[in-house]
**Q** 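This is the structure I have questions about; it appears just below.
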Amino acid sequence: MVKEEKEIANRPDNTAFTQQRLPAWQPMLSAGIVIPGFVLIGLAFIGIGVALFVTSRSITVLEIDYTGVEKDSPCYKCSDADVKNCVCNLVFSIDSLFEGPVFFYYGLSNYFQNYRKYAASKDDDQLSGDLDAFTAPSDSCSPYDYNSNDKPIVPCGAIANSMFNDTFKLYRVVNGAKKLVPLDGKGIAWWTDYNVKYRNPSVTPLKNAFNNTVKPIFWPKPAYQLDASDPANNGFINQDFLVWMRRAALPDFRKLYRRITEGDYAKGLPAGNYSLTIAYNYPVLSFDGTKKVVFSNVSWMGGKNEFLGIAYLVVGSLCVLMSIVMLIVYAKFKFPEED
Amino acid sequence: MQVCVSVCVGEENWVDSRTIYIGHKEPPPGTEAFIQQRFPDNRIYTFWNFVPKNMFEQFRRVANFYFLIIFLVQLIIDTPTSPITSGLPLFFVITVTSIKQGYEDWLRHKADNSVNHCPVHVVQHGKVVRKQSRKLRVGDVVFMKENETFPCDLILLSTSRDDGTCFVTTASLDGESSHKTHYAVQDTKAYNTEEEVDSIQATIECEQPQPDLYKFVGRINIYMDNEPVARPLGAENLLLRGATLKNTEYIYAVAIYTGMETKMALNYQSKTQKRSAVEKSMNAYLVVYLCILISKALINTLLKYVWQADSNRDEPWYNNRTDTEKQRHIVIRAFTDFLAFMVLFNYIIPVSMYVTVEMQKFLGSYFIMWDDDMFDEELGERAVVNTSDLNEELGQVEYVFTDKTGTLTENNMEFIECCVDGHIYVADAICNGQVMPGATSMDMIDSSPGPGAREHEELFFRALCLCHTVQVKEEETVDGIKHGIHQGKSTSFYISSSPDEVALVEGMKRLGFTYLRLRDGHMEILNREDEIERFELLEVLTFDSVRRRMSVIVRSSTGELYLFCKGADSSIFPRVISGKVDEVRARVEHNAVEGLRTLCVAYRPLSPEQYTEVCHMLNGAKLALHDRDKRLAEAYDAIEKDLILLGATAVEDRLQEKAADTIESLHKAGMKVWVLTGDKMETAAATCYASKLFHRNTQILELTTKRTEEQSLHDVLFDLSRTVLRQHGGMARDSFSGLSGDCTDFGLIIDGATLSAVMRPAQEDSNSGNYKDIFLEICRNCSAVLCCRMAPLQKAQIVKLIKASEEHPITLAIGDGANDVSMILEAHVGIGIMGKEGRQAVRNSDYAIPKFKHLKKMLLVHGHYYYIRISELVQYFFYKNVCFIFPQFLYQFFCGFSQQPLFDTAYLTLYNISFTSLPILLYSLIEQHINVDILKKDPSLYRDIAKNSLLRWPIFIYWTLLGVYDAIVMFFGAYFLFDNTTFTSNGQMFGNWTFGTLVFTVLVFTLALDTHYWTWINHFVIWGSLVFFVVFSLLWGGIIWPFLNYQRMYYVFMQMLSSGPAWLSIILLITASLLPDVLKKVICRALWPTTTECIQQMYAGFGYVPTLFDSADKLYEGHLSEFTPLASLHAPSKAGGHRRGSCNQGNPRRSEPFRKKTMFTRWQKQPDYNTFTPLLRFADGHSKHAYNGGAGPETSV
């Protein structure tokens, strides 16, 4: 009797889990599933691919390089680093209505915003309005933390210092008269960036917060004067600044400059001649970079990108192709054991 | 409180000894010089030394050490990722491992801990004082009461019993629950009160602690009347820590080994770590990845400096260096860069792989313990896992070395017959110790032996009653081996460590001579006339497996002195000078062919002078401290000679249930089964046929002393190898992998003596060094090998030989007895059977199972699963880390080699720990690519995974390339999607971190595992991991975390998910990265299907239909029981139904004509190797004679 009790005590639990007999679904990559599956997936992908491709085709993109390397370029005169406050004019024409909303980007190439040192060169405390960090910027900003007089730089760091400072004015040329196209600078940065992540110090006027600090070396104006037209768009929540602070992942990038959504241009840029006045400040030739402006509209799938559509088409056709190959393989070498 | 050790001790120059003062009393001023030495206190386990020790152990592991270095580098230099990224996983790994180890440690030491604190009674100044066990010192005299457990190793001084004996169980040491007798020192056994014990003045000299539990040599010097008396101390005086005092009121004993020096503690340490083949492959892969890592870092460093040759790239105006950086030497900069790259890519070495593997093994091993099929009703035992490190090795076994007795057979001995001078006595109607009612107790075949014979007969019976070490237990207990003998009112049991002895003593009882007890040094037997005969037991020459015999010297009541000796025929016959040797030998050989265990019994009358001489020899040997074993062996050798043969006994050892089925399955699974036994060749061969190790069409090759006597070993070996090679030369080489049974199988029989000749190291004159190679060549071509007459060490030698052969096969040793321990320890996997010969095998094994038949499920199912699971785990781990890190590498080409990480710190840290580890861990715990039942039904599936086939280099490279491909698809997919475009419809651009997040999301989704077995747990974990990833990312990016000094991930993930193209590209990239793998699988499945896949295919159509398998089961069994001479008796008695109770009705024991016929036909094929023929003829001639007395007709077959 004692022995029996011992037996029961020592006996393993007879449950589905302990006996490894849990009910299970056992899918298998057999011909019957894979070939039709591949065909289906392939067809679906081709469908999506076609849709994407067509959509992408409908997107208009206008890119104009204004680095001024070539002598005949209107900005050639400005490419010399010694010329200050240089302004150049780009003239271009649009044949048919550039459907809106039109987005106005500036683009840089061979520019490494993704350098590790560069990427780390900012002080998040400063940028979230911490006044302590104004007087003592983080080490990560070095060598852009103090100026030669040991005054703290606000905003410190390489990213802020190298903020893109070319400015653009777009004119529509109608019968020889230049008509300014209104550009919308609102909402070009992430909403969360200018509402949550970046904060100005709660000091009014904002200027007082920057006492005893200096502007970044490269900047013409201090941070609290970035946008003279809109007092709310100054300091760290200036949208141009925020756009710049969201570093690009790759060395050739473009960043949103403005949107053309207002007035006569809500439907897009009408056909005609345009003139772009560029305040050429930003040096790129020293590192073989280029600068360009891009006008583009977007679709539901974002900007122009034929790659996605093509990729879908390629993968879709590969699927179909593979299913055909597999079909042949099965036809020829049908399972000898399958009986 | 002074404890000393003697450094130079008189005549025997052995340094490794210690001297203990009993009760810390110095001897009278002596001649010896002492140096004081502290012995460790009696503490085994402390908590606080666990942490540093464990840390040290863990950082000795290469992988952990590597991560420690990475961590330190991250702390010291400015690196791309924060130290947390490697610190946290490392911490996690270390913690989990230490928890696991700590838990195992805790289990192991729990008993010790309780011993540490339990109170002990120590005699001090004539009084008993309570002490904590850990304060016990060497030399303390300890007072123990019944049922107390010994706190340290003790020498027994005196007991409450007059004869100075005490009983001890060593259940917690080796699991043997039988009571063992230990003896007090003769000269002190009278001192059994505190005061008396305290007055003992003595020193003990003994060897320094050794792990062997069963060996001890020492000497006690007693200074009673200032006249030192030296007495030998042996294992019989030693009480081991952990053993328990039984049936004895109290004892006094002196502590000699304490704390970590006790034999039990030493045994914990001495076990060597076994490493599985998978772990070895894993380490090899790790080295490859380390090389990849270093080369990646080197390439990037190099390219960085090439690329930076242009100073505008090196230091563009927007990214100036600090002054200190500018001043740094270029070499230092380059080195720092190299280290930084190393840190960046270090995740390619899967940090969590070890911990996952460890957890998988640890948790996975529970499935073995939980397995209801491996639970044995009879013993009430289930499988035990001692090491979880070798689970997958169970799926890789190529050679199975099995013991015969107790492993293949039940070790449930039944006395069958005895033969005195050629007259045969059968005690029948005996079954498992139960006397069948109504049966006659004895059958005498030759009814009228002459008076001389009668005298011999009685002597024979008495010899068997006296020559043993059986104890009589007077009451019923739960544990131990029970054999009831009805004797008046009380029930007694015979208990012995050897079941043969019990069977013999019981057999004698049935033949009229009952062994009653050992009392006051006298053995009492009840003879046929119900008279009690008393014999004084003078000496016991204990059994050992080298001598293969034991003897007792007794003095009869009339004063005559006898030496009775029983042992294996090979060790008795050479020592016999008279007796009917030929008749007995014939009978022995006949019985051996029948598969019975035979023992020969002989005696030698001793004259008083001879006895004195014998005593002198024995005492001399026993007193020796040095080489005592050797001297004892010499003494035994000198004493056990000039014997007069009395007769022989035959004991049957039944085959274990389903042993044949198991062996056949193992064969089909491509394993080679070797039987290593100490038994006679004929007995072993018969068992081999019965257990289907040898088939009807197996061609037997013999390599035995018989043959090597005729020819030289050289010639025999060459002969055999020629035979084997001719056969195999004719066939295609790979036909060997075909199902066995189609072609001629070879079976080899080799005996111990020949083996040692083969193994003998090369002599200078001959080319005997080649013997090993030839022997191996022969063995390799034999599907079954029987090694008989093996000493325990030879078993290990064989295993070692095979292990070291050029293919380095994985070996498994299975056994139940102490003699199998060496081979269990030697083999890659050691399996212990919970048999009757104690628990030593179980204790030393890696896994223990109740019965041999459980080996089938253990290997074919559990081993198979574990191997599949862990190999997938390992490959997958490397794959996923390639996937993870390769994009980082590619990204360096687009960020100016600046070590910019692609992924955020949190993802780097958590990728291995939480996003990807659980699904694969779970997969590796419960994946079943094929149903359990199919695996059991079709052992050949085991061949699919043989030779570490899932971890070969091509497969590893395939996985790695797949990882690289996936990484490229993901990286460039994301790259081109990002290239100069906008993702959202509001025209905003994404940044650096979005890119990384996209790549990462694709990665996590790509864990589209190879799971074939989707239980709800898999669903839960896989989808749960994905959900966790999403939720984590949402949280991580959705909240401004106050403790972080950066918020770079803020809203990145949401922004990404809010854009349509991101979703589209995730789908696209996942599909694209899965395509080649799916294609490869499908094509391979179609063109080169493995057996596994065919089976999957077969059952895929209609799923699992239980009835189908059940019928297959029946078919299978029917097929199995076709030819099993011995097993046919035990084949689950189809007619009877009650298999155990009905065993010997009639005489179904043997003499099946069918079997003999088959044996003859088998051997007639190859008369060259037929040495059985004369033997059989002999046996045949005798069998009629022998079985005339059988109670029933020959009904079997």
Side-chain angles (χ1 to χ4, degrees), chain A residues 2-3 6-7 10-14 18-20 22 24-26 28-30 34 103 112 114-119 124 142-143 158 162 190 192 196-197 246-252 254-256 286-287 298 300-305 307-308 311-312 315 318 322 326 329-330 333 335 337-338, chain B residues 80 312-313 316-320 322 367 370-372 375 380 382 478 894-896 898-900 932 976-978 980-985 987-989 991-992 995 1012-1015 1040 1045-1047 1050-1051 1055 1059-1061 1064-1065 1068 1071-1072 1075 1078-1079 1081-1083 1086-1087 1094 1096-1097 1100:
Chain A
V2 185
K3 197 182 173 192
K6 187 181 153 204
E7 250 177 50
N10 199 22
R11 189 176 196 112
D13 294 344
N14 192 3
T18 55
Q19 302 309 314
Q20 308 197 49
L22 280 177
W25 171 57
Q26 291 174 283
M28 211 175 3
L29 295 175
S30 62
V34 172
F103 296 89
F112 288 83
N114 54 15
Y115 270 135
R116 179 163 67 90
K117 285 271 161 52
Y118 179 90
D124 281 290
S142 177
S162 59
W190 290 15
T192 48
V196 186
K197 194 172 163 185
R246 187 153 290 280
R247 295 175 303 103
L250 298 167
D252 295 347
R254 50 189 202 189
K255 284 175 183 284
L256 187 58
S286 64
F287 51 86
V298 297
W300 57 271
M301 54 156 283
K304 189 180 184 77
N305 188 350
F307 173 76
L308 192 59
Y312 260 99
V315 173
L318 269 180
M322 279 178 190
M326 277 187 275
V329 166
Y330 274 99
F333 309 92
F335 280 98
E337 295 88 350
E338 211 171 25
Chain B
N312 278 325
R313 284 192 185 144
W317 63 266
Y318 54 86
N319 190 23
N320 278 324
T322 58
F367 282 119
W370 281 335
D371 196 329
D372 199 38
F375 174 78
R382 50 164 131 174
V478 190
F894 299 94
C895 72
S898 63
Q899 303 119 20
Q900 170 68 27
V932 180
F976 283 116
L977 289 167
F978 248 76
N980 270 336
T981 189
T982 320
F983 250 28
T984 52
S985 43
Q988 290 164 349
M989 296 300 294
N992 186 329
F995 179 58
H1012 295 105
Y1013 193 72
W1014 287 79
T1015 65
I1040 295 279
N1045 57 0
Y1046 62 88
Q1047 306 291 347
Y1050 188 61
Y1051 254 72
Q1055 282 280 353
S1059 87
L1064 282 176
S1065 44
L1068 174 81
T1071 315
L1075 271 186
V1078 172
L1079 187 73
K1081 287 215 169 83
V1082 171
I1083 300 268
L1087 295 187
C1094 295
Q1096 283 178 343
Q1097 196 71 29

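Quick caveat, the model's predicted, so the values are computed rather than measured. Hydrogens, waters and symmetry mates play no part in the numbers below; they use all other heavy atoms, side chains included. First the proteins, then the strands, lettered A, B, ... as listed; each starts at 1.
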**Q** Between B:Phe894 and A:Phe112, does the ring centroid distance fall short of 6.0 Å?
**A**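 For B:Phe894 and A:Phe112, the ring centres are not under 6.0 Å apart.
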
**Q** For the CG atom of B:Asp372 and the OG1 atom of A:Thr18, what is their distance to the nearest 0.5 Å?
**A**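 Here the interatomic distance stands at 7.5 Å.
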
**Q** A:Asn114 and B:Gln900: which non-hydrogen atoms are nearest, and at how many Å?
**A**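 Here A:Asn114 and B:Gln900 meet closest at O-CB, 3.3 Å.
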
**Q** Please check if the side chain of B:Ser898 supplies one atom and the backbone of A:Arg116 the other of a donor-acceptor pair under 3.5 Å.
**A**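 Yes, the answer is positive, given that a donor and an acceptor are paired below the 3.5 Å cut-off.
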
**Q** Rounded to the nearest 0.5 Å, how far does CH2 of B:Trp370 lie from CG of A:Asn14?
**A**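 Answer rounded to 0.5 Å: 13.0 Å.
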
**Q** The test is side chain to side chain contact (heavy atoms under 4.5 Å, CB included); show your working for B:Asp371 and A:Gln20 and say whether it passes.
**A** CA-CA 8 Å; B:Asp371 196 329; A:Gln20 308 197 49; 5.9 Å; no

**Q** Measuring from A:Tyr312:OH to B:Thr1071:OG1, what's the distance to the nearest 0.5 Å?
**A**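 Reported to 0.5 Å precision, the distance equals 6.5 Å.
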
**Q** Over 60° means perpendicular and under 30° means parallel, so classify the ring planes of A:Phe287 and B:Trp317, tilted if in between.
**A**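 Tilted.
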
**Q** Would you call the rings of A:Phe307 and B:Phe976 parallel, tilted or perpendicular, taking 30° and 60° as the class edges?
**A**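 Correct class here is tilted.
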
**Q** What's the separation between atom CG in B:Asn320 and atom NZ in A:Lys117, rounded to the nearest 0.5 Å?
**A**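 It is 12.5 Å, given to the nearest 0.5 Å.
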
